[in-house]
Amino acid sequence: MAEYREVPIYDIPLRLQGKDDKVHKRPKPHIDAATYKSNYQASITKVDEFWGKLGRETIDWDVPFKTVRHGDFEKGDVAWFPEGQLNASYNCVDRWAYKCPDKTAIIWEADEPGQGKEITYKELLSEVSQVANALLDMGIRKGDAVIVYLPMIPEAAIALLACARIGAVHSVVFAGFSADSLRDRTVDCDARVVITTDEGKRGGRTIATKSIVDAALKECPKVEHCLVVKRTGSNVEWQEGRDKWWHEAAAAQRPYCPPVPVSSEDPLFILYTSGSTGKPKGVVHTTAGYLLGTALTVKHIFDVHEDDRFACMADVGWITGHSYIVYGPLMNGITTLIFESTPVYPTASRYWEVVARHKITQFYTAPTSIRLLRRLGEEHVQGHDLSSLRIIGTVGEPINPEAWDWYNENVGKKECAVVDTYWQTETGAHMIAPFPGATKTKPGAATVPFWGVELALLDPTSGQVLEGNEVEGVLAVKQPWPSMARTIKGDHQRFLDVYMKPYPGYYFTGDGAARDKDGYIWIKGRVDDVCNVSGHRIGTAEIESALIQHPGVSESAVVGVPDEVTGQSICAYVALKPSFSYDSEDALVKELVLQVRRNIGPFAAPKMILIVNDLPKTRSGKIMRRILRKIASNEADQLGDLSSLADPSVVEKLKGDWLKKA
Ligand code: ATP
Ligand code: MG
């Protein structure tokens with residue numbers, strides 16, 4: 001096992017301690033270290049008692065549950081709170097519309113700075129009700145699927161809640177996907193209604209959402225209606241009978257719609273994974289367990305209090321948007337932000353303007369954005385009032401300690417809790433993350449498991465449990481937890497094959513991880529990406545973290561390629577900061593190799609380093625290493641499913657670069 005960079009253990013950040021209550025009125029963290037520990041033990045050993053209590057406290061039930069948990073991984077028949085009935089929209093909206101009607105539920109920050117609006121809980125209840133009634137009018141009933149192909153406008157949240165209100169199952173397709181990808185997902189879900197906009201706005205550009213939908217629907221015979229939000233007002237093609245304007249359909253409806261109680265185990269939504277490793281999977285989440293997981297993680301991992309203003313910068317097209325823009329924050333009755341633009345529009349200060357303008361208390365983004373902003377320089381962060389922030393979070397990929405430090409110093413000013421949250425589309429909510437106020441952090445470590453998440457590190461070949469600390473293996477989970485996915489749409493066997501079969505009795509995450517001497521978990525990247533050089537297993541994340549410590553490097557991606565002598569050898573793709581200049585590429589490559597040798601050891605040294613402009617990423621911003629592996633293995637003709645690739649031209653360029661070098 002490779003050695004870790006020695007890192008300081010940060011103490012509980014100042015802004016959380018509430019010491020200077022009089023000045024800042026900072027709320028006190030919900031829990032301390034001892035409570036975390038005792039709760040954690042209870043959550044995995046006294047499952048009925050622990051989760052029964054939290055289930056009753058966190059959710060308002062129409063019909064109370066009797067059983068807390070049923071089923072196991074092997075059959076994939078996991079059910080939580082099975083006799084219970086509830087409504088997600090009631091829990092996210094009505095409760096607060098009655099208790100604090102004038103509180104802002106949604107802040108919308110539109111593409112152009114300063115534009116946008118705020119929606120109170122009272123208004124949200126009316127709007128959700130009207131759209132729910134409009135869907136009922138279109139014949140949508142409990143269990144029917146609705147496709148949501150919307151950019152980041154308040155209607156995205158409203159659409160999800162309107163579906164949930166009548167028991168319909170939403171399936172959001174990120175509004176950047178092509179017509180073909182949209183068609184495949186629409187057909188896969190059997191959707192009868194698609195919700196979209198005339199056009200979308202993002203980073204000053206216009207996205208022709210309606211015409212993409214029109215193209216997709218040519219081959220979706222089951223879709224009867226298309227509900228269109230007017231965003232730009234441009235002329236769009238219109239199919240009479242099928243297409244309806246959102247504002248007209250809603251205005252015709254009564255602004256109250258009784259929420260339809262559904263079973264705890266009725267599906268709330270279907271969502272396709274990002275597709276980093278292959279063909280996206282239509283993951284199905286059910287209602288009660290998912291709501292409980294998102295509500296509790298927002299409360300505890302983001303240390304949320306009543307008056308907080310929460311900004312998750314993900315897109316609602318990904319699980320992060322579902323759990324941490326819509327359901328988790330609204331389950332807690334706080335204010336959530338919907339951000340239509342990009343981190344660099346109109347300037348690289350956009351995020352920080354948003355934080356200052358809306359007095360954001362929690363800020364949540366992905367390593368890809370952090371690395372991008374680090375690359376552009378800290379001057380863009382300076383001069384913005386970020387003093388409202390208490391918690392800054394990251395999700396999506398392993399965060400390199402270097403990027404973590406940058407985030408902590410420049411954004412958190414070393415006074416915020418940095419929460420690196422490890423989880424997946426399939427897990428619904430955070431699995432491993434620090435509890436601010438309770439968990440000391442280490443840059444680059446996801447730290448400790450959330451309640452109910454009983455982790456195991458397994459030997460990848462034998463499947464044996466690796467006990468104790470200072471071990472590394474594949475990351476698995478030992479018992480069902482409330483917010484886990486229940487199946488893959490239309491293919492339960494694939495669900496079992498992918499997650500339950502590889503290590504019987506466990507849920508298999510597909511990720512490699514290590515437990516350090518203090519019992520902290522470090523995510524090492526995908527198991528498929530782990531390189532094996534002369535018998536040494538090395539996670540890609542580790543080598544990438546070594547490379548990014550070089551002052552010129554903005555981002556890197558490491559893959560293992562077949563090697564006759566060593567089994568595999570390491571190939572690194574490295575992107576440089578625009579401000580960095582160098583004389584000779586050969587000398588730079590030597591420096592980079594040295595950097596890895598020094599940091600990790602000679603066995604980890606890349607055999608090949610390719611300096612590139614850009615790395616291929618999913619539309620959610622994750623590096624697609626499988627593409628890089630194929631290119632480096634001279635198999636660029638077998639790249640597989642590329643539907644989730646954000647920019648195909650990057651791959652073409654890389655293929656060319658590779659041919660020149662190899
Ligand atoms: P697909 O399953 O289709 O290949 P995907 O795995 O990228 O796509 P997601 O569910 O969006 O789809 O991503 C989950 C994965 O992201 C995790 O399995 C892990 O590899 C990575 N990940 C998420 N958060 C973290 C984190 N904080 N640290 C390290 N890795 C993370
Ligand atoms: Mg995955």
Side-chain angles (χ1 to χ4, degrees), residues 172 174 177 181 185 271-283 285 297 301 312 314-324 364-371 392-401 403-404 407 418-434 441-450 455 474-477 483-485 488 494-495 498-499 502 507-514 520-530 539-542 544-545 557 616-627 640-646:
V172 182
F174 171 63
F177 272 116
S181 303
R185 287 161 173 76
L271 183 66
Y272 294 83
T273 55
S274 337
S276 307
T277 56
K279 187 171 180 289
K281 304 170 274 277
V283 167
H285 278 286
T297 47
I301 302 300
C312 166
D315 193 281
V316 75
W318 313 118
I319 190 69
T320 306
H322 283 58
S323 300
Y324 298 104
Y364 196 23
T365 189
T368 184
S369 307
I370 299 170
R371 290 189 301 251
I392 55 176
T394 153
V395 59
E397 290 181 293
I399 178 161
N400 325 102
W404 195 106
Y407 198 32
V418 181
V419 294
D420 176 8
T421 61
Y422 167 83
W423 61 297
Q424 310 176 300
T425 308
E426 300 87 339
T427 68
H430 300 157
M431 297 295 273
I432 308 176
T441 48
K442 302 184 193 188
T447 71
V448 298
F450 192 70
L455 295 176
V474 302
L475 181 65
V477 188
S483 65
M484 64 176 277
I488 289 178
R494 186 174 177 209
F495 181 72
V498 173
Y499 308 107
Y507 167 89
F508 172 51
T509 62
D511 292 308
Y520 274 34
I521 304 290
W522 297 69
I523 306 296
K524 298 273 158 170
R526 322 265 175 175
V527 172
D528 304 344
D529 292 337
V530 169
T540 48
E542 207 155 356
E544 290 162 11
S545 293
K617 294 195 178 157
T618 61
R619 290 168 203 269
S620 56
K622 299 183 197 217
I623 298 169
M624 291 173 90
R625 291 185 190 72
R626 68 182 162 95
I627 293 182
D641 185 292
L642 294 184
S643 62
S644 44
L645 181 66

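Order of appearance sets the numbers: ligands from 1, and atoms from 1 within every ligand. Just so you know, these numbers come straight off a predicted model, no measurement behind them. Just so you know, residue 1 is the first one in the sequence shown, and it goes up from there.
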Item to check | Residue, atom name and distance, where the atom is the protein heavy atom closest to atom 7 (O) of ligand 1 | outcome: Ser276 OG, 2.4 Å

Checklist entry - Near Asp420, which atoms of ligand 1 are under 4.0 Å from a heavy atom of that residue? => result 26 (C), 27 (N)

Checklist entry - Hey, looking at atom 30 (N) of ligand 1, which of Ser620, Pro398, Pro367 has the closest heavy atom? => result Pro398

Checklist entry - Under 4.0 Å from ligand 1, counting heavy atoms only, is it the side chain of Trp318, its backbone, both or neither? => result neither

Checklist outcome for this item: closest protein heavy atom to atom 11 (O) of ligand 1 is Ser274 OG, 2.6 Å

Checklist entry - Among protein heavy atoms, which lies nearest atom 10 (O) of ligand 1, and at what distance? => result Thr425 OG1, 2.5 Å

Item to check | Atom pair CD/CD1 of Gln424 and Ile319 - distance to nearest 0.5 Å | outcome: 10.5 Å

Next on the checklist: I'd like to know if Lys617 and Glu397 make a salt bridge, using a cut-off of under 4.0 Å between side-chain N and carboxylate O.
Outcome noted: no

Checklist entry - Do we see a donor-acceptor contact under 3.5 Å between the side chains of Thr297 and Tyr324? => result yes

Checklist entry - Using heavy atoms and a threshold below 4.0 Å, how should the contact between Thr421 and ligand 1 be classified: side chain, backbone, both, or neither? => result backbone

Next on the checklist: Less than 3.5 Å apart, any donor N or O on the side chain of Thr447 or Lys442 sitting next to an acceptor on the other?
Outcome noted: no

Next on the checklist: Closer than 4.0 Å to some heavy atom of Trp423 - which atoms of ligand 1 meet that?
Outcome noted: 14 (C), 17 (C), 23 (C), 24 (N)

Checklist outcome for this item: A student comparing His430, Arg526, Gln424, Lys622 should find that the heavy atom closest to atom 6 (O) of ligand 1 comes from Arg526

Checklist entry - Does Gly396 come within less than 4.0 Å of ligand 1, judged by its heavy atoms? => result yes

Checklist entry - How does Glu397 reach ligand 1, if at all, at less than 4.0 Å between non-hydrogen atoms: by side chain, backbone, both, or neither? => result backbone

Checklist entry - Any idea which atoms of ligand 1 are less than 4.0 Å away from a heavy-atom of Asp511? => result 17 (C), 18 (O), 19 (C), 20 (O)

Checklist entry - Shortest non-hydrogen contact from Pro434 to Asp420? => result CD-O, 3.5 Å

Next on the checklist: Which residue and atom name correspond to the protein heavy atom nearest atom 2 (O) of ligand 1, and how close is it?
Outcome noted: Lys281 NZ, 3.2 Å

Item to check | Electrostatic pair Lys524-Glu544, nearest N-O below 4.0 angstrom | outcome: no

